[in-house]
Amino acid sequence: AAVDALGAADQRRRGAIAEFESLRGEQKGLGKQVARASGEEKATLLSRTRQLSAAVKEAEARTQQTGADYDRQLRALPNLVADGVPVGGEDDFTVLETHGTPRDFAAEGFEPRDHLGLGQLLGAIDVERGVKVSGSRFYYLTGQGAELELALTNFAMASAIRNGFTPIIPPALVKPEAMEGTGFLGQAAQDVYHLPDDDLYLVGTAEVPLAAYHSEEILDEAALPLRYAGYSPSYRREAGSYGKDTRGIFRVHWFDKVEMFVYCAPDDAEAEHQRLLGWEKEFLTALELPFQVLDVASGDLGLSAARKYDCYSWLPTQHRYREVTSTSNCTDFQARRLNIRARFPAGTAPVATLNGTLCAMTRTILMLLENHQQADGSVRVPAALRPYLGGREALTPVR
RNA sequence: GGAGGUGUCGCCUAGCCCGGUUUAUGGCGCCCGCCUGCUAAGCGGGUUGAGGGUUUAUCCCCUCUCGCGGGUUCAAAUCCCGCCACCUCCGCCA
């Protein structure tokens, strides 16, 4: 029904444009005659152009009205779900792959501590003072915790650069157009921080400034795919998640993240999505975390994604897999809204945009702590991360 | 935050005071051709971008486009208002 209404709105819009163009053409022609004419002839012409002017204004108003109408209806529609996506809600995902094996702590003879307990032992996470200073769902990373985030950041960025990404440090405050264009002011709007005095939004992910980076641009097809790795803070109000994941730093109002973002030809989007997933898997494997790959169900895709793969890592103290990364193929949904096109042989057309988490700091940190903990409360550093921690093989308790 | 200035088709630039033969001037660059042992120079032509129509190989037609958005007017690059960006100076500041 919405699509039919959209078609009708498009017809009205096109009709109004055609009428306006024809009237305007006539007016321009007469205008030239007026400029040349004089005396009585000029007076006659002027009276005609006066009438025409009113008609042109009316037609122009109708063009704007029908155009805005069409645009509003179009933007309310979510992206089309890709073929093969499992149908259903949040719990109807399909598990595509399982990598690694969760540790058997019982066999090792000790009860695993949760990430908050480990964080306190290591002097790495200070939630109490986070709450004191900023409120619930805020934290300080201290000492080895801060070092760990810096190491993860550098490791993630180095990996991305090696894979051909251009590193970017983008602004974390953006104008409404950037937020709207990426699809975050729709059903996700209640989860977004807004600064009313300046009409700026705090981004929930670097996806926003990275997508808006090329807004209103026409890209060179030969330059595609354009791959960017953005490092930025992410701010989320987490409205409607009261009482959910309240312990530790699993669900917080702010965290830092290295995000991959790609602009590519629409025909290449599906293959690129697999590549993004591949880099995510590679990263989690390098961190020696057991994880699963989920094909997210249609009802859980959000406004902009046509398909979404989540990676869920094993969280020992919860005895289940929890989300650590997510990659979405947004096809041309964001590109249309942000007016990002490329010159293709068949003409200029919107590109496809895709995004994928490379490393969300807080969740990665808590996964590392829980999965690599030792009986004495120390935490083994996976080999791939050691170069970024001065060669250290373990984080050790400070008390 | 305050005062002043600037914004023109890749780059530079004329036009704005005084609205209409402006289809936005000229130069540079770029493209095509001529000339020429080769190259350069010289000569001739082309060159804002976007959307749509028609063809779909080219061509052709229409609309929009002088930072953005309004307004005045029969008619706006040109007059008026608002906004944005940049520059200079002052203030403040990691």
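Residue numbers begin at 1 in each chain, while the letters A, B, ... track the order of the sequences. All heavy atoms count here, side chains included; hydrogens, waters and symmetry mates do not.
Figure legend. rG10(B) is base-paired to rC28(B); pairs are counted as Watson-Crick or G-U wobble with both atom distances under 3.5 Å. With a 3.5 Å ceiling on both atom-pair distances, the Watson-Crick or G-U wobble partner of rG82(B) is rC68(B). Across all strands shown, rC89(B) pairs with rG2(B); the Watson-Crick or G-U wobble distances both stay below 3.5 Å.
Here the C1' atom of nucleotide rG51(B) and the CD atom of E216(A) are 14 Å apart, to the nearest Å. Put simply, CD on E177(A) is 15 Å from P on rC68(B), counting in whole angstrom units. Rounded to whole angstrom, the span from the CD atom of E60(A) across to the P atom of rC64(B) amounts to 9 Å. In this structure, R341(A) atom CZ and rG52(B) atom C1' are separated by 13 Å, rounded to whole Å. In this structure, the CD1 atom of I17(A) is 13 Å from the P atom of rG51(B), given to the nearest Å. Distance, Q27(A) CD to rU63(B) P: 11 Å, rounded to whole Å. Rounded to an integer number of Å, the gap from CG of L23(A) to P of rC74(B) is 17 Å. Look at CD on E21(A): it is 13 Å from C1' on rU65(B), rounded to the nearest Å.
Listed pair R24(A) / rC64(B) meets the phosphate criterion, a side-chain N or O lying under 4.0 Å from OP1 or OP2. At least one side-chain nitrogen or oxygen of Q64(A) sits closer than 4.0 Å to the OP1 or OP2 atom of rG70(B). Dashed line: the shortest gap from a side-chain N or O of T348(A) to OP1 or OP2 of rA50(B) is not under 4.0 Å.
Here D220(A) pairs with A222(A), A223(A) under the side chain to side chain contact (heavy atoms under 4.5 Å, CB included) rule; sequence neighbours left out. Under the rule for a side chain to side chain contact (heavy atoms under 4.5 Å, CB included), the partners of E177(A) that lie at least two apart in sequence or sit in another chain are K175(A). Residues that satisfy the side chain to side chain contact (heavy atoms under 4.5 Å, CB included) test with T246(A), not counting sequence neighbours, are R137(A).
Side-chain contact check for K257(A) and T205(A): at least one donor-acceptor pair (N or O, by modelled atom type) lies under 3.5 Å.
To the nearest whole angstrom, the two P atoms, one in rC11(B) and one in rG67(B), are 13 Å apart. Look at the C1' atom in both rG20(B) and rU78(B): the space between them is 11 Å, to the nearest Å. On the P atoms, rU21(B) is 33 Å away from rC84(B), given to the nearest whole Å. When the C1' atom is used for both rC32(B) and rU58(B), the distance is 15 Å, rounded to whole Å. Spacing between rU8(B) and rU22(B) at atom C1', rounded to whole Å, works out to 13 Å. Comparing the same atom, C1', in rC80(B) and in rC86(B) gives a spacing of 24 Å after rounding to whole Å. On the C1' atoms, rG10(B) is 11 Å away from rG49(B), given to the nearest whole Å. Using atom C1' as the reference point in both rG27(B) and rC81(B), the two lie 36 Å apart (nearest Å).
Tested against W254(A) for a ring pair (Phe, Tyr, Trp, His ring centres under 6.0 Å), the candidates Y140(A), Y139(A), Y193(A) yield a single pass: Y139(A).
For the segment residues 42-51 of chain A, the set of residues with a heavy atom within less than 4.0 Å of an atom of RNA chain B comprises L46(A), T49(A), R50(A), in numerical order.
Nucleic acid contact for I218(A): sugar-phosphate only, since backbone atoms but no base atoms lie under 4.0 Å from a heavy atom of the residue. Residue E217(A) is classed as having no contact, given no heavy-atom separation below 4.0 Å to the nucleic acid. Residue R13(A) is out of contact with every strand shown, counting any heavy-atom pair closer than 4.0 Å. S22(A) comes within 4.0 angstrom of nothing in the nucleic acid, heavy atoms only.
Nearest-nucleotide assignment on RNA chain B puts the 5′-proximal partner with E26(A), out of K175(A) and E26(A). With the nearest nucleotide of RNA chain B identified for both K28(A) and S53(A), K28(A) has the one nearer the 5' end.
If you chain together ILVMFWY residues whose side-chain heavy atoms come under 4.5 Å of each other, F105(A) ends up grouped with F110(A).
The hydrophobic cluster containing L141(A) also contains M157(A), counting ILVMFWY residues as joined when their side-chain heavy atoms lie under 4.5 angstrom apart, directly or transitively.
When distances are taken from the side chain of K57(A) to each of rC64(B), rU73(B), rG49(B), the shortest belongs to rU73(B). For R14(A), the listed nucleotide lying nearest its side chain is rG53(B); candidates were rU63(B), rG49(B), rG53(B).
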Could you list the donor-acceptor pairs under 3.5 angstrom formed between side-chain atoms of residues 298-305 of chain A and any protein atom two or more places apart in sequence or on another chain?
unit_1  : atom_1 : unit_2 : atom_2 : d
S298(A) : OG     : G88(A) : N      : 3.2

| query | Between Y213(A) and Y263(A), is a ring pair (Phe, Tyr, Trp, His ring centres under 6.0 Å) present by the stated rule, with each step listed? | reply | CA-CA 11 Å; Y213(A) 187 60; Y263(A) 301 82; 7.7 Å; no
